[in-house]
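Working notes for the structure below.
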Amino acid sequence: MYLHAGCQIAVSPGTKYFAVDWLGVEVTGATLGIIGMGSIGYKVAQRARAFNMRILYHNRNRRRKEEEEAVGAHYCAKMEDLLQQSDFVMLVVNLTAETHKLIGKKELGLMKPTATLINISRGAVIDQDALVEALQNKVIRAAALDVTYPEPLPRDHPLLNLNNVIITPHIGTATVQAIHTMAEEAIANMLAVLNGQPIPSEVFPK
């Protein structure tokens with residue numbers, strides 16, 4: 001939140017000084033709760049460890065002990081426990097019937113009033129009406145959303161007028177290198193199919 005507002009202050013033609021009480025929230029030593037510890041969630045945990053964060057995670061299946069120990073992650077069998085303890089809650093799940101509106105009014109109410117909700121999965125994993133209410137009433141401190149529903153949001157959507165939310169246009173993988181890597185992987189899969197070879201990134205329906 002401070003990055004966005006701070007940038008506006010820094011470039012504003014009316015700025016004559018910077019306030020000394022413009023303070024953010026420390027990441028180092030904070031508790032990060034990751035909901036969805038698949039390959040992406042695990043990569044997040046690896047990066048969070050570099051900030052000496054306490055890492056909690058909730059997943060359908062618990063990771064192997066050695067994988068947990070490698071990133072210092074602690075398993076929460078109940079998502080509620082993760083929500084109550086985390087300073088930052090990150091959603092890294094696939095959108096399914098089970099995860100649709102996974103985070104609603106009840107879940108937001110379990111979070112710390114100082115917590116930030118981060119969504120890098122799909123917009124519909126959060127009940128956006130409940131999120132608007134929670135942000136307006138300071139039930140949680142802030143939200144950072146790379147995804148919404150729909151995308152983009154209607155220009156009169158209340159999320160666009162809140163000062164405690166950052167919204168980016170689904171750009172979590174929007175780098176030249178990442179796009180090249182995805183294209184190369186797609187080509188490798190197509191060539192494998194054409195040559196009757198095992199598919200490197202085959203997706204099995206659940």
Side-chain angles (χ1 to χ4, degrees), residues 1-4 24-96 98-99 102-103 107-108 110-112 114-126 140-148 165-189 199-204 206:
M1 312 312 115
Y2 291 92
L3 178 63
H4 177 64
V25 175
E26 185 62 67
V27 171
T28 300
T31 299
L32 170 65
I34 301 172
I35 299 177
M37 189 67 111
S39 58
I40 297 174
Y42 195 77
K43 291 287 186 183
V44 170
Q46 289 175 323
R47 287 153 176 77
R49 181 160 194 182
F51 289 95
N52 196 31
M53 299 187 83
R54 176 181 178 231
I55 302 168
L56 307 177
Y57 79 96
H58 174 73
N59 203 44
R60 283 181 306 174
N61 302 307
R62 184 170 182 172
R63 285 269 185 173
R64 298 197 313 271
K65 185 178 179 181
E66 49 272 31
E67 291 175 326
E68 291 180 343
E69 291 176 348
V71 293
H74 304 277
Y75 178 64
C76 292
K78 295 181 179 179
M79 187 174 69
E80 291 80 2
D81 293 337
L82 179 149
L83 294 172
Q84 291 172 330
Q85 297 180 61
S86 299
D87 298 304
F88 298 89
V89 174
M90 181 174 284
L91 300 171
V92 201
V93 296
N94 294 323
L95 178 59
T96 66
E98 290 73 29
T99 62
L102 179 69
I103 302 297
E107 291 74 24
L108 291 162
L110 290 172
M111 293 173 63
K112 295 179 180 181
T114 54
T116 297
L117 179 64
I118 303 165
N119 190 9
I120 63 169
S121 54
R122 289 293 182 270
V125 171
I126 298 175
I140 63 172
R141 187 181 71 88
L145 312 172
D146 189 42
V147 288
T148 59
V165 60
I166 286 179
I167 302 173
T168 49
H170 207 150
I171 55 172
T173 58
T175 67
V176 172
Q177 294 88 344
I179 296 299
H180 281 176
T181 300
M182 288 189 283
E184 289 169 358
E185 185 174 348
I187 292 168
N189 279 276
I199 303 171
S201 306
E202 186 171 2
V203 176
F204 297 95
K206 292 185 175 70

Taking every heavy atom of Cys76 against every heavy atom of Leu56, the minimum-distance pair comes out as SG-CB, 4.0 Å

Answer yes or no: is there a donor N or O on one side and an acceptor on the other, between the side chain of Asp81 and the main chain of Gln84, under 3.5 Å?
no

Only residue of Met37, His74, Arg62 satisfying side-chain contact (heavy atoms from CB on, under 4.5 Å) with Glu68 is Arg62

Value for CD1 (Ile166) from OG1 (Thr168), rounded to nearest 0.5 Å, stands at 8.5 Å

Rounded to the nearest 0.5 angstrom, the CZ-CE distance for Arg141 and Met111 is 10.5 Å

dist Tyr42:OH -> Ile34:CD1 (nearest 0.5 Å) comes out at 10.5 Å

Nearest heavy-atom approach of Ala115 to Ser86 is CB-O, 3.7 Å

When rounded to the nearest 0.5 Å, the distance separating NZ of Lys43 from CD1 of Ile40 is 10.5 Å

(Q) I'd like to know whether Ile35 forms a side chain to side chain contact (heavy atoms under 4.5 Å, CB included) with Ile103, so could you lay out the CA-CA distance, the side-chain angles of the two residues, the decisive distance to 0.1 Å, and finally the verdict. (A) CA-CA 10 Å; Ile35 299 177; Ile103 302 297; 4.2 Å; yes

Cation-pi check for Tyr57 against Arg63: NZ or CZ below 6.0 Å from the six-membered ring centre and within 45 degrees of the axis, yes or no? no

Apply the test side chain to side chain contact (heavy atoms under 4.5 Å, CB included) to residues Leu102 and Glu107: give CA-CA distance (whole Å), side-chain angles for both, the deciding distance (0.1 Å), then the verdict.
CA-CA 8 Å; Leu102 179 69; Glu107 291 74 24; over 6 Å; no

Output for pair (Leu145 CG, Ile120 CD1), nearest 0.5 Å, gives 11.5 Å

So His180 and Val176, do their side chains get closer than 4.5 Å, heavy atoms only? yes

Query raised in the report: Quick one: does Ile167's side chain get under 4.5 Å of Thr148's, heavy atoms only?
Result: yes

**Message:** Strictly distance-based, threshold 3.5 Å: is any side-chain N or O of Asn52 a donor or acceptor partner for the main-chain N or O of Gly29?
**Reply:** no

Check: Does a side-chain heavy-atom distance below 4.5 Å link Leu91 with Leu117?
Finding: yes

Rounded to the nearest 0.5 angstrom, the CD-CD distance for Glu67 and Glu69 is 11.0 Å

### Query
Taking it one step at a time, do Gln85 and Arg54 satisfy side chain to side chain contact (heavy atoms under 4.5 Å, CB included)?
CA-CA 10 Å; Gln85 297 180 61; Arg54 176 181 178 231; 2.9 Å; yes

For Leu108 and Ile140, the nearest pair of non-hydrogen atoms, with its separation, is O-CG2, 3.8 Å

Original post:
Looking at Arg64 and Glu66, does any basic side-chain N land under 4.0 Å from a carboxylate oxygen?
Top reply: yes

*Short side-chain to backbone donor-acceptor contact, Arg49 and Ile55, under 3.5 Å*: no

- Message: Tell me if a side-chain donor or acceptor on Thr99 pairs with a main-chain N or O of Val125 at a distance below 3.5 Å.
- Response: no

Quiz prompt | Check: Asp146 side chain, His170 main-chain N or O, donor-acceptor pair, under 3.5 Å | solution = yes

From the list Ile179, Thr175, Thr173, side-chain contact (heavy atoms from CB on, under 4.5 Å) partner of Gln177 resolves to Thr175

